[in-house]
> 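Structure below; questions to follow.
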Amino acid sequence: MSTAHQRRSGPRRVGSRIRTAVVTAVVGALTAGGLVATAGTASAQSTLADAAEAQGRYFGAAVAAGRLGESDYTATLDREFNSVTAENSMKWESLQPSRGNFDFSTADRIAEHARSQGMDLRGHTLVWHSQLPGWVENLGTNDLRTAMNNHITTVMEHYQGQVGSWDVVNEAFQDGGSGARRDSVFQRRLGNSWIEEAFRTARSVDPNATLCYNDYNTDAWNSAKTQAVYDMVADFVSRGVPIDCVGFQAHFNSGNPVPENYHTTLQNFADLGVEVQITELDIAGSGESQAQQYGGVTQACLAVSACSGITVWGVTDKYSWRSEDTPLLFDGDYNAKPAYHAVLETLGGSGGGGGGGGDDGDAACTVSYEQTQRWGDRFNGRVTVRAGDAAIGSWSTTVTVHPPQEISATWNGDPSWDSSGDVMTMRSDSGGLPAGGQTSFGFTVMANGNWAAPTLGSCTAS
Ligand code: XIL
């Protein structure tokens with residue numbers, strides 16, 4: 001199981017609810033003959049939260065307090081997600097609409113709901129040029145500095161122990177090719193140092209919170225904005241400015257598609273030593289093409305161990321801030337879309353969608369690995385797939401090799417690879433198995449000096 005590293009000792013990011021699905025992974029012994037067996041058995045997780053948790057990740061949604069009274073909304077939220085972000089209620093204009101007058105009532109309803117469900121809470125957002133009340137725009141330099149630090153302090157103290165990650169600063173860079181800071185009241189009055197001041201204040205208030213810089217259009221590695229944010233984070237890390245995390249909003253559409261090199265971007269930020277989070281994911285479109293893009297983003301997060309989780313920017317298309325783009329995982333009637341199934345399956349789950357377990361409720365399979373041959377530069381592996389007590393229509397599992405290893409050939413299955421090339425998903429290419437039946441697939445690994453056995457994911461049956 002891959003685990004996102006936990007940088008700070010604050011509230012657990014991954015929801016603590018225990019659900020019914022159980023995953024066991026047994027790593028067998030290295031025998032004298034060099035046989036390594038790894039077996040994974042799973043009754044596959046059937047919600048986003050459970051499947052993500054099995055991968056050491058969280059799966060969250062943006063929530064509007066006003067919708068919590070709608071039973072389908074809340075049922076979907078509670079079933080599928082283990083992290084919550086207030087879509088608007090923790091923004092400056094909501095929490096401190098006039099100077100010194102804080103109103104936490106709406107945001108607290110979201111926090112309370114999250115707490116009652118054992119969900120994590122992301123804090124969004126402390127300092128942002130948008131949804132900023134007019135009184136802040138009119139302050140002079142000294143007053144603005146005081147107001148910024150006071151806002152951060154009062155809000156973080158209120159949610160101390162409840163919010164695991166804070167978007168301390170949101171969207172401080174311009175779009176386009178300049179790589180410049182956005183022209184905001186903070187930038188104009190306080191100059192370049194306002195961002196680090198916000199982070200230093202945040203750390204001093206809640207040393208256990210994960211502190212994030214959050215932005216959009218920072219997905220393609222080569223874009224000027226991505227590079228500018230990267231340079232800032234690298235500078236902060238090198239100078240000891242307290243930053244723990246970079247949030248990627250990930251609002252995609254046809255003009256701004258999921259980039260080919262998304263995994264590279266996430267990895268390069270992670271290599272600076274910060275956690276990465278996908279914080280506001282939504283992807284315009286429908287059907288298989290939307291599903292593929294959602295699957296790709298999920299895979300990119302799974303491929304980067306420092307990617308701790310994904311939040312989608314809403315529960316249902318009908319309440320999305322871009323509802324005409326139908327960008328979310330559930331349609332207006334709370335039916336799970338193909339995009340939902342793509343995410344769930346990429347996370348290693350199956351079924352799902354709250355459908356009450358269709359006709360594959362008992363479908364299950366297990367996988368085990370053995371090395372069958374070894375040469376000077378490569379080895380062959382065989383994975384045996386066994387059906388449980390019920391017949392299965394199809395199966396799939398993942399085989400993760402350890403760089404610089406590379407899979408050079410496969411047989412008896414339908415393989416596909418994640419963007420890193422290290423994770424191969426193998427699916428049945430000739431139908432299913434009878435109850436208790438078994439089959440196997442094989443592959444050759446170029447060792448490139450690393451003879452570690454590949455890691456198997458759990459087996460997913462349907
Ligand atoms: C959006 C909300 O979804 C809308 O309801 C609101 O009208 C405007 O803000 N980047 C962010 C989010 O960081 O806070 C924004 O949320 C979407 C873009």
Side-chain angles (χ1 to χ4, degrees), residues 1-2 23 25 38-46 48 50-52 54-57 59 258 260 262-263 266-267 288-305 307 310 338-352 360 363-369 380-387 392-403 405-433 438-446 452-462:
M1 185 197 294
S2 59
V23 176
T38 306
T41 89
S43 45
Q45 295 79 15
S46 60
L48 301 172
D50 286 346
Q55 302 282 355
R57 268 59 174 197
F59 208 96
V258 182
E260 283 284 323
Y262 202 32
H263 151 262
L266 300 181
Q267 187 64 58
E288 277 312 306
S289 97
Q290 183 182 48
Q292 266 186 10
Q293 295 181 72
Y294 261 104
V297 172
T298 308
Q299 223 163 46
C301 180
L302 289 181
V304 175
S305 61
C307 181
I310 297 175
Y340 167 92
H341 293 289
V343 172
L344 182 64
E345 281 159 30
T346 306
L347 290 170
S350 71
D360 62 352
C365 55
T366 60
V367 282
S368 62
Y369 167 79
N380 280 354
R382 176 168 61 211
V383 172
T384 303
V385 182
R386 291 181 183 81
I392 59 176
S394 68
W395 52 263
S396 78
T397 190
T398 58
V399 176
T400 303
V401 296
H402 308 292
Q405 292 176 341
E406 279 171 279
I407 295 180
S408 61
T410 72
W411 50 96
N412 296 348
D414 176 20
S416 58
W417 274 267
D418 78 334
S419 55
S420 72
D422 299 333
V423 184
M424 174 175 76
T425 300
M426 187 64 102
R427 293 190 169 76
S428 42
D429 63 352
S430 55
L433 292 170
Q438 67 177 59
T439 185
S440 68
F441 64 86
F443 50 89
T444 300
V445 178
M446 303 305 300
T455 307
L456 293 188
S458 52
C459 188
T460 302
S462 58

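Note that these values count all heavy atoms, side chains included, but never hydrogens, waters or copies made by symmetry.
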> How long is the span from the CD atom in Gln55 to the CG atom in Asp50, to the nearest 0.5 Å?
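Output value for this atom pair is 12.0 Å.
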> Hey, does Thr410 have a side-chain heavy atom less than 4.5 Å from the side chain of Met424?
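Answer yes - side chains close enough.
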> According to side-chain hydrogen bond (donor to acceptor under 3.5 Å, both in side chains), does anything in residues 393-402 pair up with another residue at least two apart or in another chain? List the pairs.
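Listed by first then second residue: Ser394-Ser462, His402-Thr455.
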> Rounded to the nearest 0.5 Å, what's the gap from OG on Ser440 to CH2 on Trp411? Could you check?
10.0 Å
> Give a yes or no on whether the backbone of Val423 and the side-chain of Asp418 come within a donor-acceptor separation of less than 3.5 Å.
yes
> If I take atom CG from residue Asp422 and atom CH2 from residue Trp417, how far apart are they, to the nearest 0.5 angstrom?
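With rounding to 0.5 Å, CG (Asp422) is 11.5 Å from CH2 (Trp417).
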> Would you say Leu347 and Thr298 make side-chain contact, with heavy atoms under 4.5 Å?
yes
> Heavy atoms only: give me the nearest His263-Val304 pair and the separation to one decimal.
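For His263 and Val304, the tightest heavy-atom pair comes out as CD2-CG2, 3.7 Å.
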> So, for Ala291 and Ala342, which heavy atoms are closest and what is the spacing to 0.1 Å?
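Heavy atoms of Ala291 and Ala342 come nearest at O-CB, 3.2 Å.
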> If you compare all heavy atoms of Thr460 against all heavy atoms of Ser350, which two are closest, and at what distance to 0.1 Å?
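Heavy atoms only, the tightest pair is CG2-CB, 3.3 Å.
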> How close do Gln45 and Ala51 get, counting heavy atoms only, and between which atoms?
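So the two residues come closest at CB-N, 3.5 Å.
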> Can you confirm whether Glu260 is buried at CD, in the sense that more than 12 heavy atoms of other residues, nucleotides or ligands lie under 6.0 Å from that atom?
no
> Does Leu302 reach the side chain of Arg57, with side-chain heavy atoms less than 4.5 Å apart?
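Yes, their side chains come closer than 4.5 Å.
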> How long is the gap from CG on Asn380 to OG on Ser408, to the nearest 0.5 Å?
8.0 Å
> Report yes if some heavy atom in the side chain of Val383 is under 4.5 Å from a heavy atom in the side chain of Met426; otherwise report no.
no
> Of Ser428, Cys365, Cys459, which meets side chain to side chain contact (heavy atoms under 4.5 Å, CB included) against Ile392?
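Per the side chain to side chain contact (heavy atoms under 4.5 Å, CB included) rule, the option paired with Ile392 is Cys365, out of Ser428, Cys365, Cys459.
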> Taking all non-hydrogen atoms of both residues, which atom of Thr346 and which atom of Gln299 are closest, and how far apart?
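That closest heavy-atom pairing would be CG2-N, 3.7 Å.
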> Flag the pair Phe443 / Pro454 as yes when at least one side-chain heavy-atom distance between them is below 4.5 Å, and no otherwise.
yes
> With sequence neighbours excluded, what pairs up with Tyr340 under the ring-ring contact (aromatic ring centres under 6.0 Å, His included) test?
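Scan of Tyr340 (ring-ring contact (aromatic ring centres under 6.0 Å, His included), adjacent residues dropped) gives Phe330.
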> Locate the shortest heavy-atom distance separating Leu433 from Val385; write the atom from each residue and the value.
CD1-O, 3.8 Å
